[in-house]
Every structure is written in structure tokens, then in C-alpha cells.
Amino acid sequence: MNFEITQDQLMLREGVRKIANDFGLEYWREKDAKHEFVHELWSELGKNGYIGVAISEEYGGVGLGLVEMAMVIEELAKAGAGSTVGQLFMLTPVFGGITIELHGSEVQKREYLPKIASGEMNFCMALTEPNAGSNSLEITTFAKKEGDHYIINGQKTWISGVNVADKMLLVARTTKKEDVQRKTDGISLFLVDAKDPAIITQAIEKVGTHCVQSDEVFIENLKVHKDNLIGEEGKGWRYLVDTLNAERIVTTAGLVGTGQLALKLAVDYSKERIVFNNTPIGAYQGIQFPLAELSAEINVAQLMNYKAAWLYDQSLPNGAEANTAKLIAGKAAFGLCDRAMQVLGGFGYAKEYHVERIWRDVRLFKIAPVSEEMILNFIAQHNLGMPRSY
């Protein structure tokens, strides 16, 4: 085993850190207050190759992998973005880039990947439905084949980034669940225009992650040409597994960076804040020990996530590692944000000191993109060999 960060990876980190520092805490606070997408940052990342870091060079990318993408996300998160930046990389580089590069046709790759890598084209994914959240195989959105086209009808919910997306990775059944032998059969993936008039959206008011809008989506008689099908009809679930594992990895990278950001805010404040006897509060073990323990946990999550990303890049099984990393990171990152708020006291509750924003945002990722309970189900069933409970 070699845990050494390469010189090229160090240079990658240094390069994105310069951009991240130009779009730091104040930038993200302003965007959060306005509920605006971070177009300026995203454009800069595209120009400098960071969006396409895991896309092959022949399609306009840098030709690296998920390990490097995780490092990019960490730098952005800890410079001020917080956990929301993981969502940005989830939407376009993963839902769009990775899905198309792994399973798209050559025509789809050449049409979409260069635009994704440059930041010219944004993606979202429509999977979750009102009655199919963690139980994704229960989706009822249906694509009916009519000649060279599919007619799609259904409803989706909690679809993030659809308001700024050019394209949508739409997950639908092409064979109804009652007509398949296995629930994983009969699901297909489509590349569709997010602005098609047949797609109606309605924003959901949220506690946080205000820079990435989430919507209810209503699809009525959406006409999609067969050339926009990814891979083979009815085999979309096996493609989607690759997408969802990558989703876990980029989410965890955002959580790791967020934990590092919260830790820095707390430690810096604790070194300067004096309450009793002319002693900084950072000298008190009641302040030190919780931060030290959570710091250890976020470091463990980072290592497990690097392992998951490395396995992914080698086309090796990585589901156990990706899920484990996300579980630990979600708990540790939220713990660090909450503890940072406690260390800052009243100021932790004030928008001026930034902790409240990253605290609001990070809470989502104990639920999404996969809940802690579903990860524990996965570990119990797949790692421990225990009976399926759901």
C-alpha cells in the first residue's frame, strides 16, 4: 500500500486552492443569502479543467479519476464552500460526466462530455419520486416506446439543480415492476432536455443548501428519441449503481472538507477568545477533547473515501467503502459544525461568523443522498451477511 500523495496531486490541490480562496466564505455567504447558484465559481472551475478532472482527455477532460475529483472538492469545501460543493460535482461531473463516459454511446460521449468538462453544460438527475425515495426500485415514472421515440410520464421530487440544468439524466421504467422477474430489471436511463415544456418544476423551500435549488418535477408526455437512451433498454439499474457509488464519494469529499473548515473556524476562535483568568478557551479540555475526537473521525472518513475512490478508478468493487466513508463523514462533519457553533457560543449563531450556514447545509447529508439508516442496512446485509430487513 502507498498512502503518499503524488506531486501531481499536490499541484492539483494547490491550483484549485487558489481558485477556492478567491471564492471563499464571504462569497458563499452572499450566494446563500440570495439563494443563487455559484455561476462565477463554476465557470472558473470549468475554464481551468477542474470540472472535467475525471473525464478522459479524448473528450476534453483532464484524464484523472475520482481520487483527484475528491481532492478538488475537499479544497473547495474547506476554503468556504462547505458541503454544498459536493452537490455541484454530483450533478454535472457525476450524473452527467461519469454516467455518459461509462455507459453512453460514442455519439453521446462526443456530444456531451466536452461541454461538461468546460462547464458549458450543466446536468441534474431525476430519480427520487414521492413514493420512491430510499426504495428507488419502486419508481413508477414510465417510458412507453412508440416507434423511434419514448413517451414519458411521471413525477419526481427533490431534484436538485434542475433550475440551472441544460440536460437531465431521467430514470424511468420501460417495463412495469409487476411485469419483470427481478425488481432491478426494466429500468432505463434517458438524456433529456431539462427545459423541455413537458417538464414542469416547482421549487421546494429548504433549511439550507440554498445555492442548489431542489424541485418537484412533473413530466407529462415528454417525447424522447431512442438515441437518447443510455445503454440498453431495461438495464439502467446496473448503470445507475456506478453513478450512485460515485455520488457517495463526491458527497463524502464535500463532508471531509466541511469538517476541516468547521474545525479551523472553531480552533482559530478558541485560541483568541478569553473568558476567565486571561486564558484562551482553547486551553480547556472541554473545548479540546470533542474537537480532537471529531478530527480523528473526519481523518478516518477521508482515508476510507480515498480507498473507495481508488477502487472505483481501478473498476473494482467499492460499494462497501463508499458507503462506510459516507456514514462516518456525515456524522463527523455534522459533529464538527455543531461543535464549532458551541465553541463560538452566541457568535456561532450569527451569520457573520459563517458557522450557521455550513451547519444548516451539512445536516442534509445525514439524510441524503443516502440516509445513515440505509447505509447501516447495506453494511449489515452485504458486509456482515445478515438477513435483509427491508
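Along the sequence shown, the residues carry numbers beginning at 1. Since the structure is predicted, the reported quantities are computational estimates derived from the model, not experimental observations.
The heavy-atom pair separating A322 from A308 by the smallest distance is N-CB, 3.6 Å. Minimum heavy-atom separation, E356 to A350: CG-O, 3.9 Å. Shown here for L66 and A246, the closest heavy-atom pair between the two residues is CD1-CB, 3.9 Å. Of all non-hydrogen atoms in L229 and Q108, the two that sit nearest each other are O-NE2, 3.1 Å. Taking all atoms of both residues into account, the shortest heavy-atom contact from L41 to Y27 is N-OH, 3.5 Å. Nearest heavy atom pair, residue G97 against residue I116, reads N-CD1, 3.6 Å.
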Per-pair distances, 0.1 Å, donor-acceptor, side chain in residues 277-291, under 3.5 Å, sequence neighbours excluded:
from: T279; atom 1: OG1; to: N277; atom 2: O; distance (Å): 3.1
from: Q288; atom 1: NE2; to: G282; atom 2: O; distance (Å): 2.9

Anything under 3.5 Å between a donor and an acceptor, one on a side chain of residues 83-92, the other on a protein residue two or more places apart or in another chain? List them.
from: T84; atom 1: OG1; to: D361; atom 2: OD2; distance (Å): 2.9
from: T92; atom 1: OG1; to: F123; atom 2: N; distance (Å): 2.9

Let me check something: any side-chain donor-acceptor pairs from residues 249-256 under 3.5 Å, sequence neighbours excluded? List them with distances.
from: T251; atom 1: OG1; to: E247; atom 2: O; distance (Å): 2.8
from: T252; atom 1: OG1; to: R248; atom 2: O; distance (Å): 3.0
from: T252; atom 1: OG1; to: K326; atom 2: N; distance (Å): 3.4

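Using a 4.0 Å cut-off between charged nitrogen and carboxylate oxygen, D185 and R182 count as a salt-bridge pair. Ionic pairing of R29 and E26 is present here: one or more N-O contacts between side-chain nitrogen and carboxylate oxygen are shorter than 4.0 angstrom. Here E74 does not pair with K78 in a salt bridge; the nearest charged N to carboxylate O distance is not below 4.0 Å. Electrostatic pairing of R360 and D32 counts as a salt bridge here, judged by a charged N lying under 4.0 Å from a carboxylate O. A salt bridge does not link E232 with R238: every distance from a Lys NZ or Arg NE/NH1/NH2 to an Asp or Glu carboxylate oxygen is 4.0 Å or more.
Hydrophobic clustering places L261 together with Y353 (ILVMFWY residues linked when any side-chain heavy atoms are closer than 4.5 Å, directly or through intermediates). The hydrophobic cluster containing W28 also contains V16, counting ILVMFWY residues as joined when their side-chain heavy atoms lie under 4.5 angstrom apart, directly or transitively. In the hydrophobic clustering of this structure, L294 groups with V267; members are Ile, Leu, Val, Met, Phe, Trp, Tyr whose side-chain heavy atoms approach within less than 4.5 Å, directly or through other members.
Between E220 and I200, every side-chain heavy-atom pair lies at or beyond the 4.5 Å cut-off. By the 4.5 Å heavy-atom criterion applied to side chains, Y50 and L76 are not counted as neighbours.
At distances below 3.5 Å, at least one donor-acceptor pair connects side-chain atoms of K195 with backbone N or O atoms of N163. Judged by distance alone, the side chain of N323 and the main-chain N or O of G319 form a donor-acceptor pair under 3.5 Å. Using a distance-only test at 3.5 Å, with no hydrogens or angles considered, no donor-acceptor pair links the side chain of D179 to the main chain of K177. The main-chain N or O of E129 is never found under 3.5 Å from a side-chain atom of N131 such that the two would form a donor-acceptor pair.
For Y239, the ring-ring contact (aromatic ring centres under 6.0 Å, His included) test picks out H103, with sequence neighbours left out. E4 is linked by a salt bridge (charged side-chain N to carboxylate O under 4.0 Å, His left out) to nothing, counting only residues two or more places apart in sequence or in another chain.
Crowding of Y390 atom OH: a count of heavy atoms from other residues, nucleotides or ligands under 6.0 Å exceeding 12. The neighbour count for D22 CG, taken as heavy atoms of other residues, nucleotides or ligands under 6.0 Å away, is above 12.
Within the structure, the ring pair (Phe, Tyr, Trp, His ring centres under 6.0 Å) test picks out the following pairs touching residues 124-182 (sequence neighbours left out): H149-H225, Y150-F190.
T157 and T128 are not linked by any side-chain donor-acceptor pair at a separation below 3.5 angstrom, with hydrogens and angles left out of the test. One side chain, S389 or N377, offers a donor N or O that lies under 3.5 Å from an acceptor on the other.
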